[in-house]
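Following: one structure in structure tokens, then a few remarks.
Here is how names work: the chains are called A, B, and so on, in the same order as the sequence lines, proteins then strands, and each is numbered from 1.
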Amino acid sequence: MNAVYHPPTVESQAQEYWNDHESFRATESGEGEKFYCLAMFPYPSGRLHMGHVRCYTLADVIGRYHRLKGYNVMQPMGWDAFGLPAENAAIKNGIPPATWTKDNIAYMRGQMQRLGFGIDWSREFATCDPEYYHWEQWLFIKLYEKGLVYRKNAVVNWDPVDQTVLANEQVVDGRGWRSGAVVERREMAQWFLKITDYAEELLNELDKMTGWPESVKSMQRNWIGQSQGVEIDFAVNGRDDVLTVFTTRPDTLLGATYVAVAAEHPLAEAAAAVDAEVAAFVETCKQATTAEADLATMEKAGVATALTVKHPLTGADLPVWVANFVLMEYGSGAVMSVPGHDQRDWEFARKYDIPVVQVIAPEGDDDCDLEEAAFTEPGVLVNSGEFDGLTSAAAFDGIADALAAKSAGRRVTNYRLRDWGVSRQRYWGCPIPMIHCEHCGVVPVPEQDLPVVLPTEVQFEGVRSPLTTMESFLQVDCPECGAPARRETDTFDTFMESSWYYARFACPDANEPMVDDRVNFWAPVNHYVGGIEHAILHLLYARFYFKLMRDEGLVDADEPFTDLLMLGMVLQDGKKMSKSAGDAGDPQKLLDKYGADTVRTAMMMAAPPHQSFEWGEAQLEGALRFLKRLWSMVHEHAVGGLGGALNPAALGETAAEVRRKTHETIARADDDLGRRVQFNTVVSAVMELTNALSRFDPADDNERAVMTEGLRTALLVISPIAPHLTHVLWPMVGGEGALIEQGWPELDESALAQAVIEYVVQVNGKVRGKIEVPADAEQGVVLDLAKAADNVARHMDGKAVVKEIVVPNKLVNIVVR
RNA sequence: GCCCGGGUGGUGAAAUUGGUAGACACAAGGGACUUAAAAUCCCUCGGAGGCAACUCCAUGCGGGUUCAAGUCCCGCCCCGGGCACCA
């Protein structure tokens with residue numbers, strides 16, 4: 001055994017042991033309660049970045065800790081392999097996306113293995129494997145048959161030069177990133193999944209999900225955006241048509257002075273057909289992206305049409321405007337506008353000289369000035385005929401009833417959530433298993449013909465998907481009439497693959513549709529770890545998809561992820577890792593220089609998991625120094641002998657103090673690893689313990705045993721973070737069997753007992769002294785001792801005591817005047 | 001613009017339920033060892049004042065609640081994440 005810490009030797013020795021003993025192979029018959037520990041699988045972008053290192057180390061620490069606690073742990077890994085970057089690489093370098101992806105996976109797998117993650121690699125798969133996406137196609141057809149899949153037009157970013165659809169990310173300042181052409185909004189037929197059918201369940205279930213952070217649940221609630229309101233029908237004058245709008249404020253209906261529709265709305269198109277000004281405005285609205293953030297920050301603009309609608313209660317004619325802030329995707333693509341009581345409508349009305357009418361007055365003595373701003377609070381109705389004097393709440397019901405009586409409105413629960421558009425006009429994705437037949441329309445691919453395999457031998461010519469011109473892929477006979485037909489060339493949104501991979505990990509080789517019984521052994525995932533950037537979309541789609549699988553009878557549980565750990569971002573030059581270029585964040589050179597344990601420890605020390613931080617190498621020196629120290633301490637102690645059986649009753653004060661530190665560390669680290677999921681303080685706690693141990697000079701056999709216990713504790717507690725070094729050191733402190741097979745160290749409560757407790761003494765809230773008090777002292781005694789302390793007495797001198805506060809085992813505050 | 005976070009020494013951070021602000025580290029400075037360097041070990045280390053004992057100031061900014069506020073409340077500023085086709 002080498003007295004100098006040499007990470008490469010240590011790390012390959014430990015990894016060899018785990019491989020030879022299949023230490024991380026998880027089975028349903030394993031001992032202990034099952035614990036499915038999962039980190040969000042990576043996109044195989046090329047090489048790991050420090051964000052990956054952080055995420056997978058955190059998950060590994062959670063997994064290894066639960067192993068110590070006796071759970072049957074399953075930690076899988078796979079690859080979210082479809083996506084845009086592979087296509088970009090193909091376009092740029094001519095490498096087929098499949099080849100590029102496969103090479104990246106091989107490299108990144110090697111890096112993960114080098115980091116020593118306790119992964120069961122026998123479960124590995126990539127989402128671009130036909131054996132995987134086969135079942136995604138299969139479920140899609142099941143959902144189509146159930147009516148949960150439909151086709152409708154949706155807006156995309158169109159690059160008129162490259163003749164292609166762009167992702168929002170590929171639009172920079174309104175222009176295509178490659179062509180530089182001004183991007184246009186264009187409508188296209190797309191496939192949708194009816195997530196809105198599950199909106200209520202997705203919302204309500206959040207209340208039961210105690211293992212999720214409140215912030216994430218809050219984001220999801222707001223995203224789903226349930227609101228109670230009224231749907232109101234406005235008859236369109238001169239047309240046999242009704243304009244339906246949704247409002248959460250029917251109490252303001254009498255204050256509506258116009259209605260506004262989206263540029264894509266049929267009424268806008270009708271108006272544009274006969275009015276050049278409207279047509280021009282609709283045209284400018286198309287020179288925009290599909291991103292909501294752009295729309296929301298855009299200067300509000302609109303144009304009046306010659307059309308009018310009839311107010312359902314007053315019969316008055318209201319003008320129809322086309323406005324750029326109305327979203328066709330949300331609600332009915334039309335809104336009623338009440339400038340007196342909605343700030344956006346107020347600003348729009350001011351800009352275009354539309355009347356502002358007050359119909360709500362503040363309650364009580366408060367005042368409002370509609371010349372200054374809209375009054376948006378609830379209040380009391382005015383200028384509203386029979387509804388005058390009602391509160392907003394009462395008027396909500398009154399007006400809703402009045403509309404219902406005229407069949408001009410109905411109460412509805414509305415959601416901000418929109419159905420999930422899953423079509424992508426891209427090559428590197430899962431083919432949508434549909435066939436277009438000119439006789440039969442859209443026909444699903446029959447189950448026995450699945451999977452529709454994506455051809456991987458492709459050449460990119462320009463930027464368009466090779467599928468659109470590949471006759472061998474396109475040509476197919478219609479499954480219904482047998483006539484020549486064409487395959488759908490769109491592929492699925494890659495969120496489809498990442499919505500169920502965790503279920504597939506339970507049974508990666510299942511041949512029955514999608515998953516088999518093993519899924520109900522492992523699911524739900526006990527602890528899911530990933531970046532905060534996934535707080536809404538991925539996690540909501542995955543929850544939805546799991547419910548779709550449940551309703552198909554494939555899984556039993558309602559929710560896929562019990563506990564959720566959301567990581568802050570690792571930043572590089574102020575940018576998130578996955579976005580920043582260059583190799584400054586490449587962990588490879590750090591692994592070569594410091595070894596896996598140091599990189600892992602440094603990463604865990606750097607910040608608590610939920611927090612974002614800027615990665616720097618500063619932590620590495622401290623982590624390496626600490627591991628070296630632990631290494632040499634164990635060696636020195638082993639040479640001097642481990643001592644006999646520990647007899648706590650016979651220990652002197654110093655040794656008892658060391659032993660207390662040992663057991664405090666067990667308690668603290670257990671709480672940090674298990675309940676708090678905060679690992680930076682685990683490293684600190686073990687550092688404090690090793691600092692205490694290094695100051696301790698054992699005088700006899702019993703004291704040597706105290707040292708042995710301390711070192712064994714340090715090794716076990718830090719082992720989830722630095723598993724290699726601790727594996728190799730374990731036998732040197734008398735450990736029998738491999739460390740990976742050990743249990744969490746046992747806490748001896750009696751070792752924590754303190755005879756004397758230190759109190760802080762404050763006078764008027766300021767610290768004026770410290771006192772030592774016997775642990776069993778009464779409050780009166782504590783107070784007397786506090787008042788007698790030198791500096792405390794000085795600050796109390798000549799003043800009257802107003803109040804005395806004693807916080808047991810902590811603090812005394814004496815308030816004087 | 002909307003939703004969700006965050007802001008503490010030169011740096012990363014700790015302070016768990018309102019109870020000692022700065023644990024544990026990094027960097028820096030000083031010292032020991034060494035022919036020298038590296039490594040290692042020891043000491044100092046928020047700011048100001050003071051020989052010292054101590055005192056005052058200090059957790060983005062401004063108010064408030066409380067015996068006591070980094071922690072709770074109100075109003076701002078700045079930074080990050082998400083906004084439905086990046087993953």
Side-chain angles (χ1 to χ4, degrees), chain A residues 4 40 42-43 45 80 82-85 154 156-157 165-171 190 213-216 218-223 225 290-298 325 329 344 417-421 423-426 493-495 498 531-538 540-541 566 568-569 571 574-576 578-579 602 605-608 610-623 625-626 628-629 632 668 671-672 675-676 678 680-681 683-688 691 758-762 764-768 770 790-791 794 802-805 807 810-815:
Chain A
V4 176
M40 291 178 184
Y43 177 77
S45 53
D80 188 14
F82 282 135
L84 218 42
V156 294
N157 299 310
V165 174
L166 298 179
N168 283 333
E169 193 194 43
Q170 297 171 308
V171 180
Q190 315 257 305
E214 276 308 318
S215 59
V216 174
S218 185
M219 280 189 254
Q220 294 216 346
R221 275 189 200 102
N222 293 332
W223 185 263
T290 60
E292 202 200 306
D294 293 343
L295 231 57
T297 48
M298 192 186 285
F325 58 81
E329 287 85 4
R344 187 185 62 192
L417 181 69
R418 306 200 293 256
D419 277 336
W420 178 11
S423 300
R424 295 294 179 269
Q425 296 70 44
R426 314 210 187 287
D493 176 6
T494 56
F495 275 128
S498 55
I532 185 68
E533 69 272 23
H534 296 295
I536 297 177
L537 290 179
H538 161 61
L540 194 63
Y541 289 144
M566 289 273 90
M569 310 275 250
L571 306 172
K575 289 198 193 96
K576 66 173 174 174
S578 55
K579 296 281 178 197
M605 275 169 75
H610 68 270
Q611 193 169 309
S612 295
F613 72 99
E614 183 98 8
W615 172 253
E617 292 193 27
Q619 308 293 328
L620 285 159
E621 289 300 331
R625 223 170 276 168
F626 161 64
K628 277 183 181 170
R629 228 149 86 98
S632 55
R668 227 178 107 182
D671 192 42
D672 282 352
R675 182 181 65 88
R676 296 181 70 205
Q678 174 164 293
N680 52 334
T681 45
V683 182
S684 300
V686 178
M687 281 178 169
E688 280 184 43
N691 287 348
E758 188 186 71
Y759 274 75
V760 166
V761 186
Q762 300 181 333
N764 288 346
K766 287 188 188 260
V767 179
R768 297 302 179 188
K770 286 170 190 178
D790 256 6
N791 202 33
R794 183 142 30 93
V802 178
K803 202 169 182 180
E804 292 164 335
I805 293 128
V807 182
K810 268 206 178 115
L811 160 146
V812 176
N813 188 12
I814 299 162
V815 185

Close side-chain approach of Ile532(A) and Val216(A), heavy atoms under 4.5 Å: yes

rC26(B) OP1/OP2 closer than 4.0 Å to side-chain N/O of Arg625(A): yes

If I take atom CG from residue Asn157(A) and atom CG from residue Asn168(A), how far apart are they, to the nearest 0.5 angstrom? 5.0 Å

OP1 or OP2 of rA69(B) under 4.0 Å from side-chain N/O of Lys766(A): no

In whole Å, measure the gap between the C1' atoms of rG75(B) and rA21(B) for me. 26 Å

Just how far, in rounded Å, is P of rG82(B) from CE of Met566(A)? 12 Å

Is there a side-chain polar atom (N or O) of Thr681(A) under 4.0 Å from OP1 or OP2 of rA14(B)? no

Say we look at rC24(B) and rC76(B): how far apart would their P atoms be, to the nearest angstrom? 40 Å

With rounding to whole Å, what would you report as the distance between rC57(B) and rG22(B) at their C1' atoms? 15 Å

Determine the Euclidean distance between corresponding P atoms of rU17(B) and rG7(B); express it in Å to zero decimal places. 15 Å

Taking for Tyr541(A) and for Pro608(A) the nucleotide of RNA chain B with the nearest heavy atom, the one nearer the 5' end belongs to Pro608(A)

Taking the nucleotide of RNA chain B with the closest heavy atom to each, which residue, Arg794(A) or Thr290(A), is nearer the 5' end? Arg794(A)

Reckon Asn691(A) has a side-chain N or O less than 4.0 Å from the OP1 or OP2 of rA25(B)? yes

Got a second to check how far Lys770(A)'s NZ is from Asn791(A)'s CG, nearest 0.5 Å? 12.0 Å

Would you mind reading off the distance between Met687(A) atom CE and rA23(B) atom C1', rounded to a whole angstrom? 12 Å

If you look at every strand shown and take non-hydrogen atoms under 4.0 Å, does Val156(A) touch a base, only sugar-phosphate, or nothing? base

Per the atom types in the model, does the base of rU16(B) pair as donor or acceptor with the side chain of Arg675(A) at under 3.5 Å? yes

Contact class for Thr297(A) (heavy atom, under 4.0 Å): base, sugar-phosphate, or nothing? base

State which of rG12(B), rG19(B), rC4(B) makes the closest approach to the side chain of Phe613(A). rG12(B)

Verify the contact: side-chain N or O of Arg768(A) to OP1 or OP2 of rU55(B), cut-off strictly under 4.0 Å; return yes or no. yes

What is the separation between atom CE on Met569(A) and atom P on rG82(B), rounded to the nearest whole Å? 5 Å

What does Ala291(A) touch in the nucleic acid at a heavy-atom separation under 4.0 angstrom: a base, only the sugar-phosphate, or nothing? sugar-phosphate

Would you check if Leu295(A) and Phe325(A) make a side-chain contact, meaning some heavy-atom pair closer than 4.5 Å? no

Any base atoms under 4.0 Å from Gln678(A), or only sugar-phosphate, or nothing? Heavy atoms, all strands. sugar-phosphate

Partner of rA32(B) under the Watson-Crick or G-U wobble criteria, both distances under 3.5 Å, comes out as rU40(B)

Output the rounded distance in Å from CD (Glu214(A)) to P (rG6(B)). 13 Å

Indicate, yes or no, whether a donor-acceptor pair under 3.5 Å links the base of rU20(B) to the side chain of Lys770(A). yes

In terms of heavy-atom contacts, Tyr759(A) and Val812(A) come closest through CD2-CG2, 3.9 Å

What is the separation between atom CG on Asn764(A) and atom P on rU20(B), rounded to the nearest whole Å? 17 Å

Less than 4.0 angstrom between a side-chain N/O of Asn791(A) and OP1 or OP2 of rU55(B), yes or no? yes

Could you tell me the Watson-Crick or G-U partner of rU66(B), where both distances fall under 3.5 Å? Say none if there is no partner. none

Gap between atoms NZ and P, on Lys628(A) and rA25(B) respectively (whole Å): 16 Å

Could you check how far CG of Leu540(A) sits from P of rG81(B), rounded to whole Å? 21 Å

Please give me the minimum heavy-atom distance between Gly531(A) and Met40(A), naming the atom from each residue. N-SD, 3.9 Å

Are any of the side-chain heavy atoms of Glu329(A) and Glu292(A) separated by less than 4.5 Å? no

Gln190(A) (side chain) and rC85(B) (base): donor-acceptor pair under 3.5 Å: yes

Scan every strand shown for a Watson-Crick or G-U wobble partner of rA52(B), both distances under 3.5 Å, and answer none if you come up empty. none

Sort out the partner of rG5(B) for me: Watson-Crick or G-U wobble, both distances under 3.5 Å, none otherwise. rC79(B)

If I pick the P atom on rU11(B) and the same atom on rG47(B), what distance separates them, to the nearest angstrom? 12 Å

With C1' as the reference atom in both, quote the distance from rC72(B) to rU59(B) in angstrom, rounded to an integer. 16 Å

So, does the side chain of Glu292(A) form a donor-acceptor pair with the base of rC2(B) at under 3.5 Å? no

C1' atom, rC3(B) versus rU55(B): distance in rounded Å? 47 Å

Check every strand shown and say whether Ala618(A) touches a base, only sugar-phosphate, or nothing at a heavy-atom separation below 4.0 Å. sugar-phosphate

Look at all strands and tell whether Leu84(A) reaches a base, only sugar-phosphate, or nothing, counting heavy atoms closer than 4.0 Å. sugar-phosphate

Check whether any side-chain N or O of Gln611(A) sits under 4.0 Å from OP1 or OP2 of rG5(B), and answer yes or no. no

With a cut-off of less than 4.0 Å, is there a side-chain N or O of Asn168(A) near OP1 or OP2 of rA84(B)? yes

A side-chain contact here means heavy atoms from C-beta on lying under 4.5 Å apart; do Arg424(A) and Asp493(A) qualify? yes

For rU16(B) and Arg676(A) - does any side-chain N or O of the residue sit under 4.0 Å from the phosphate oxygens OP1/OP2? no

Using a distance-only criterion (donor-acceptor N/O pair, under 3.5 Å, no hydrogens), is the base of rC67(B) paired with the side chain of Asn813(A)? yes

May I ask which nucleotide in the shown strands pairs with rU11(B), Watson-Crick or G-U wobble, both distances under 3.5 Å? rA25(B)

C1' atoms of rC45(B) and rA39(B), separation to the nearest Å: 23 Å

From CG (Asp672(A)) to CG (Asn680(A)), nearest 0.5 Å: 8.0 Å

